[in-house]
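Structure, as structure tokens:
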Protein chains: 2
Amino acid sequence: MGTRRRGEELEQAILRAAAEVMRESGYAGMTMDRVAARAGTNKNAIYRRWPHRAALGIAAYRHLSDAALPSPDTGTLRGDALEMLRRANETWSSPHGAILRGLLAAAADDPELLTLMRARSGADAMDLAWIAMLERAVARGEAPAAAVRPRVATTPMMLLRAEYAMRGIPSVPDEVLVDIVDEVFLPLVRGRG
Amino acid sequence: MGTRRRGEELEQAILRAAAEVMRESGYAGMTMDRVAARAGTNKNAIYRRWPHRAALGIAAYRHLSDAALPSPDTGTLRGDALEMLRRANETWSSPHGAILRGLLAAAADDPELLTLMRARSGADAMDLAWIAMLERAVARGEAPAAAVRPRVATTPMMLLRAEYAMRGIPSVPDEVLVDIVDEVFLPLVRGRG
DNA sequence: CTCTCCAAGGTACGTTGCGTACCCTACAAG
DNA sequence: CTTGTAGGGTACGCAACGTACCTTGGAGAG
């Protein structure tokens, strides 16, 4: 027989299996027995590594989320902002996003898990991208330097997230994205001049 | 013995029991057996009325949520806005709010339940209060008429909600509320002039 | 080369909680 | 008085989580 897997190798196999199961049936359908079976091992091996299902789910999520997209550079602040929102909207409304929402719901009342999620889902990197975007706009003379503030930079994504929480969810219509940019973000940036 | 309860009377008893249990142990602790026991009946009577636990939870939630507070009127737009946010923050971070979050998490992937929640939790009434607030500010000459736009009015509450989703939750620090008002809401309103 | 120890495998179990099935009983209406 | 319907009691099936315990492979020390 193939030699018995150990340590790192086994760990990767479990994570891969968990990711596959989540892709097929979402986080809700990711049962420990199923993951164990799929990975060709048993629950012991899993529980020796992660304390509970949620932790495994979060750990496995990174196997789905791939490299961060490069920051868009359309030449205008409006174009960049819209592009960022559109990409985020696409990601969140994909099957991929459904999994993330499932995880989020499961972690919703456990702050410890929530911070884990934050780290894995690249929310912080996202904020930095918005700051960078604003700085480019300032360099082009398109926005006042005073507009480069964290609260301003994070507002559009925050609004998009809240929009998800309110609606049934799947996908936010494009008009809303345009609205967020034209009615909130740009006035906010320009108002600082 | 007291005569056997039926129809409306029994239904109310069940809802009251469910609300009590939720108050004590949150939505997660609201098991069907417990509710039945507390109501002095059995699960049959419950399942004859609600298809599943979530539906009962949502139905019982109205027994906790009481009348809407009156809109604040501090004399300044800034004061009103801050007061609204502070009240919302208090409500959401109370035990009461914990229950609501639990319900929300449970309903998160069922659009049908989500709309039910929206109706019960009075989110729409909230938006109207913000519009009214803006109109008073316009009447006082404190804000340009062009600032009375739905997207502007809903932005602070949206930001607060997103803040909850991001953090572990319980309570958003007051500085954040001040920030939302001073860094986003007021500039947005004034920028319209 | 052998021994030893730990991680992995196998399997079964205890527990909780949802939702269902049945059958018995009170009570209201005809 | 009869009868149908809603309540009550109870037990069950089932899915999943998390745990216990024992057996076995195989890597590394001596």
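Order of the sequence lines sets the chain letters (A, B, ...), proteins ahead of strands, with each chain counted from 1. Computed from a prediction, not measured in an experiment: that's the story for all the values here.
Rounding to whole angstrom units, CE of residue B:M30 and P of C:dT16 are separated by 18 Å. Atom NZ of A:K43 and atom C1' of D:dA16 are 7 Å apart (whole Å). Between the C1' atom of D:dG9 and the CG atom of B:N44 lies a distance of 9 Å, rounded to the nearest Å. In this structure, B:L10 atom CG and D:dT5 atom P are separated by 18 Å, rounded to whole Å. Nucleotide C:dG9 holds its P atom 17 Å from the CZ atom of A:R38, rounded to whole Å. Going from atom CD of A:E9 over to atom C1' of D:dA27 covers 14 Å, rounded to whole Å.
Counted within 6.0 Å of CD on B:E90, heavy atoms from surrounding residues, nucleotides or ligands total 12 or fewer; the atom is thus considered open.
To the nearest 0.5 Å, atom CD of residue B:E20 and atom CG of residue B:L64 are 10.0 Å apart. From A:I58, atom CD1 reaches atom NE2 of A:H52 across 7.0 Å, with rounding to the nearest 0.5 Å. For the atom pair CG of B:L82 and CE of B:M84, the computed distance is 11.5 Å after rounding to the nearest 0.5 Å.
Proximity of residues 50-57 of chain A to DNA chain D (heavy atom under 4.0 angstrom from any strand atom) is restricted to A:H52, A:R53.
Under the 4.0 Å criterion applied to side-chain N and carboxylate O atoms, B:R87 and B:E83 are assigned as salt-bridge partners. Using a 4.0 Å cut-off between charged nitrogen and carboxylate oxygen, B:R151 and A:E163 count as a salt-bridge pair.
The base of D:dA15 does not come close enough to the side chain of A:D33 for any donor and acceptor atom to sit less than 3.5 Å apart. Scanning atom types as modelled, one donor and one acceptor separated by under 3.5 angstrom connect the side chain of B:N42 and the base of D:dG9.
Checking A:R48 against A:M32, the closest nucleotide of DNA chain D that is more toward the 5' end is the one next to A:M32.
Considering only the side chain of A:Y47, D:dG18 comes nearest among C:dC18, D:dG8, D:dG18.
Listed pair B:T31 / C:dG17 fails the phosphate criterion, with no side-chain N or O lying under 4.0 Å from OP1 or OP2. At C:dA8, one or more side-chain N or O atoms of A:R49 fall inside 4.0 Å of OP1 or OP2 (strictly under the cut-off).
Within the cation-pi definition used here (under 6.0 Å to the ring centroid, within 45° of the axis), A:R53 qualifies as a partner of A:Y27.
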